[in-house]
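All remarks here apply to the structure that follows.
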Amino acid sequence: GNSVTQMEGPVTLSEEAFLTINCTYTATGYPSLFWYVQYPGEGLQLLLKATKADDKGSNKGFEATYRKETTSFHLEKGSVQVSDSAVYFCALSADNYGQNFVFGPGTRLSVLP
Amino acid sequence: ETGVTQSPTHLIKTRGQQVTLRCSSQSGHNTVSWYQQALGQGPQFIFQYYREEENGRGNFPPRFSGLQFPNYSSELNVNALELDDSALYLCASSLPGTSGLTDTQYFGPGTRLTVL
């Protein structure tokens with residue numbers, strides 16, 4: 001079945017540090033890939049997405065590139081802020097309606113001033 | 001454009017009871033999905049409704065059931081509650097993508113269910 005694997009957290013960084021959160025996936029066909037963010041006490045918000053190989057999604061300084069050859073969609077940001085502290089979920093949408101949106105377990109990021 | 005709303009925000013039930021959670025989809029979205037998010041985990045897909053019909057189901061028992069109404073709002077019903085049903089229940093609305101796949105989902109804030 002389809003699945004998403006993320007690097008285990010928590011990840012703790014100092015402000016202005018470089019961020020990478022690894023995400024790899026297993027899926028049949030050609031899924032769309034997403035990063036969602038969940039701030040404390042809030043629901044999930046779409047951060048960025050990519051729908052085909054080599055696409056780069058970007059938003060709020062975050063980027064992720066759809067790498068079909070390595071089945072990866074790693075999230076990066078050049079300079080994190082305290083306000084980026086949240087839980088980040090990698091997810092895929094595939095063509096199996098029984099599990100058409102699959103989330104990874106999430107990675108908690110804490111950014112210290 | 002209004003976002004996805006859910007009610008109630010919090011709910012406490014006892015084992016064996018039944019619960020109904022409600023969701024209003026984002027304006028214009030005809031597809032609603034429900035997820036269960038246990039503490040510290042990613043959301044798990046329960047089922048999806050498209051134009052009032054169930055359109056896919058995850059690995060959840062039949063005591064989890066749902067409805068979608070003509071205005072695309074939705075309910076999640078859980079019968080015979082168990083302690084392990086304690087979780088955050090998320091509703092997400094979307095439009096089918098051009099290829100027939102579900103595209104970006106927009107999530108509500110969730111309902112926190114506690115089963116004692």
Side-chain angles (χ1 to χ4, degrees), chain A residues 1-10 21 23-25 27-52 55 57 59 64 73 75 86-109, chain B residues 2-7 9-10 21 23-26 29 31-51 53-60 64 87-112:
Chain A
N2 301 327
S3 66
V4 174
T5 302
Q6 289 180 238
M7 64 185 291
E8 291 189 17
I21 301 178
C23 170
T24 57
Y25 68 90
T28 54
Y30 300 94
S32 294
L33 301 174
F34 304 82
W35 277 99
Y36 278 84
V37 58
Q38 189 172 36
Y39 297 102
E42 299 184 15
L44 277 77
Q45 300 175 26
L46 176 66
L47 182 59
L48 53 85
K49 69 175 184 179
T51 58
K52 60 183 188 296
D55 267 3
N59 186 28
F73 193 55
L75 182 68
V87 181
Y88 292 81
F89 294 93
C90 186
L92 67 83
S93 172
D95 58 357
N96 179 343
Y97 284 108
Q99 294 183 325
N100 69 359
F101 225 89
V102 178
F103 283 86
T107 302
R108 181 175 298 278
L109 170 66
Chain B
T2 57
V4 179
T5 60
Q6 292 185 244
S7 63
T9 306
H10 296 87
L21 310 182
C23 170
S24 292
S25 61
Q26 185 159 317
H29 287 184
T31 302
V32 173
S33 301
W34 285 92
Y35 294 83
Q36 180 193 68
Q37 186 180 14
L39 198 62
Q41 298 182 21
Q44 300 293 314
F45 175 69
I46 302 175
F47 45 57
Q48 181 184 83
Y49 278 82
Y50 171 63
R51 294 184 176 178
E53 298 285 333
E54 187 177 291
N55 184 40
R57 187 178 184 92
N59 188 26
F60 280 81
F64 286 77
L88 181 68
Y89 287 85
L90 297 167
C91 166
S93 73
S94 60
L95 286 168
T98 54
S99 64
L101 304 180
T102 296
D103 197 34
T104 305
Q105 302 208 31
Y106 296 87
F107 284 81
T111 294
R112 172 74 63 188

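We name chains A, B, ... by the order of the sequence lines, and we start the count at 1 in each one. Owing to the predicted nature of the structure, the values given are computational and were not obtained by experimental measurement.
Under the rule for a ring-ring contact (aromatic ring centres under 6.0 Å, His included), the partners of A/Phe103 that lie at least two apart in sequence or sit in another chain are A/Tyr36, A/Phe101, B/Tyr35, B/Phe107. Qualifying ring-ring contact (aromatic ring centres under 6.0 Å, His included) partners for A/Tyr39, counting only residues two or more places apart in sequence or in other chains: none.
For A/Leu44, the parts lying near chain B are the backbone and the side chain together; criterion is any non-hydrogen pair under 4.5 Å. For chain B, the nearby part of A/Gln38 is the side chain; its heavy atoms alone come within less than 4.5 Å. When heavy atoms are compared at a cutoff of 4.5 Å, B/Gln37 approaches chain A solely by way of its side chain, counted from C-beta outward.
To the nearest 0.5 Å, atom CZ of residue B/Arg57 and atom OH of residue B/Tyr49 are 7.0 Å apart.
Under a 3.5 Å cut-off, the side chain of A/Thr107 and the backbone N or O of A/Met7 do form a donor-acceptor pair.
Top candidate by heavy-atom pairs under 4.5 Å with chain A, chosen from B/Pro43, B/Ala92, B/Gly110, is B/Pro43.
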